[in-house]
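The structure appears below as structure tokens.
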Amino acid sequence: MREDVATGQRTYELRTSGELSAALAAPLARLGVGSGTARAVELAVDREGSPVALTLRGESRVHGARDLGGRASGGGDLVELEARLDLTDPVLRSLARSLLSSRALSAARALGERIADRARIDVRRYETDESEKVKGAALKSLLGAGYEEVERVRTGRLVMAAGREPGMGWARRLDCLAPSAA
């Protein structure tokens with residue numbers, strides 16, 4: 001749980017089954033911005049304990065690798081997604097309460113459709129790279145033991161960020177990109 005002491009809002013990460021997570025996130029995959037499952041589902045409640053926001057977080061990776069003469073190198077893209085649904089609407093709040101109380105797939109599907117239509121959505125794409133250097137030695141002994149040391153370096157660079165406000169179209173976000181990347 002995280003708590004905002006100024007507002008009294010508390011955010012809980014919910015433990016959901018794979019089915020519930022997929023039902024919530026499937027509509028985002030149809031929009032082309034999700035992988036079909038949520039990595040995290042978070043519920044924010046106000047001081048009185050009433051739900052105020054449901055947030056899905058997801059990521060997908062595209063990765064390739066190549067061996068370069070004893071040094072492995074790889075790279076790809078990491079896409080992060082965050083979709084935040086405002087639950088101050090009584091219908092949406094009721095659906096969220098139903099999901100929490102019954103863990104019903106029907107409630108998750110209904111909320112998923114609302115997330116696709118009404119949520120604030122942020123998408124970020126990173127170019128990633130990974131290199132690995134392996135060192136080792138065999139120790140001459142009766143056991144034939146040895147050791148291996150692996151040095152792994154991972155890097156990422158934000159190359160695209162976009163957002164969609166409820167009821168609006170998609171817009172490229174320039175506030176989180178370096179001036180040279182914008």
Side-chain angles (χ1 to χ4, degrees), residues 1-63 76-128 130 154 156-177:
M1 177 196 70
R2 295 185 314 270
E3 184 171 6
D4 183 328
V5 291
T7 65
Q9 182 172 303
R10 295 179 313 276
T11 303
Y12 298 92
E13 185 169 331
L14 305 177
R15 293 183 185 201
T16 59
S17 69
E19 277 184 310
L20 282 178
S21 175
L24 286 166
L28 294 172
R30 289 196 300 271
L31 289 176
V33 297
S35 63
T37 57
R39 176 176 50 86
V41 179
E42 297 175 351
L43 178 70
V45 298
D46 62 17
R47 276 188 207 280
E48 290 76 37
S50 293
V52 292
L54 183 72
T55 302
L56 300 182
R57 297 183 195 285
E59 65 181 35
S60 57
R61 295 179 184 269
V62 177
H63 187 73
D77 284 347
L78 166 65
V79 178
E80 293 180 336
L81 164 79
E82 181 178 301
R84 184 179 185 278
L85 183 62
D86 182 352
L87 297 178
T88 56
D89 177 307
V91 173
L92 298 178
R93 185 175 284 181
S94 175
L95 282 171
R97 284 190 172 130
S98 176
L99 174 67
L100 293 172
S101 65
S102 67
R103 303 281 178 160
L105 277 175
S106 58
R109 286 186 189 108
L111 269 173
E113 291 298 330
R114 277 20 177 240
I115 289 168
D117 292 339
R118 300 183 190 175
R120 159 121 181 103
I121 300 175
D122 286 302
V123 179
R124 292 170 300 282
R125 184 171 63 85
Y126 298 86
E127 286 180 349
T128 63
E130 181 175 319
R154 293 182 179 144
R157 183 174 68 88
L158 181 64
V159 294
M160 186 281 301
R164 186 202 74 183
E165 292 290 337
M168 307 281 290
W170 286 93
R172 186 166 177 189
R173 293 200 44 201
L174 301 177
D175 60 329
C176 58
L177 294 174

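Quantities reported herein were computed from a predicted structural model and do not represent experimental measurements.
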Leu85 and Arg118, any side-chain heavy atoms less than 4.5 Å apart
yes

Less than 4.5 Å apart, any side-chain heavy atom of Leu56 and any of Leu81?
no

Tell me the closest heavy-atom pair linking Ala83 and Ile121, and the distance in Å.
CB-CG1, 4.1 Å

Going by salt bridge (Lys or Arg N to Asp or Glu O under 4.0 Å), name the residues that satisfy it together with Arg97, two or more places apart in sequence or in a different chain.
none

How about Met160 and Val123: do any of their side-chain heavy atoms sit closer than 4.5 Å?
yes

Applying the salt bridge (charged side-chain N to carboxylate O under 4.0 Å, His left out) test to Glu42, which of Arg84, Arg2, Arg15 qualifies?
Arg2

Nearest 0.5 Å, what's the CG-CZ distance between Leu158 and Arg124?
8.0 Å

By the definition side-chain contact (heavy atoms from CB on, under 4.5 Å), identify the one residue from Thr55, Leu54, Leu20 that meets it with Val41.
Leu54

Qualifying residues under salt bridge (Lys or Arg N to Asp or Glu O under 4.0 Å), relative to Arg125, sequence neighbours excluded
Asp77

Got a second to check how far Arg157's CZ is from Thr128's OG1, nearest 0.5 Å?
11.0 Å

Where Arg109 and Ala23 come nearest, the two heavy atoms and their spacing
CG-CB, 3.9 Å

Quick check for you: to the nearest 0.5 Å, what is the distance between Arg47 atom CZ and Asp4 atom CG?
8.5 Å

Compare every heavy atom of Glu13 with every heavy atom of Ala40, then report the nearest pair and how far apart it is.
CB-OE2, 3.9 Å

I want to check something: taking the side chain as every heavy atom from C-beta on, are Asp89 and Arg114 in contact at a cut-off of under 4.5 Å?
no

Donor-acceptor contact below 3.5 Å, side chain Arg93 vs main chain Pro51
yes

Going by side-chain contact (heavy atoms from CB on, under 4.5 Å), Leu43 matches just one of Leu99, Leu87, Thr11, Val52. Which one?
Leu87

Assess whether atom CE of Met1 is packed by more than 12 heavy atoms of other residues, nucleotides or ligands within 6.0 Å.
yes

If you round to the nearest 0.5 Å, how far is CZ of Arg10 from OH of Tyr12?
4.0 Å

Taking NZ, NE, NH1 and NH2 as the nitrogens, is one of them in Arg57 or Glu82 under 4.0 Å from a carboxylate oxygen of the other?
yes

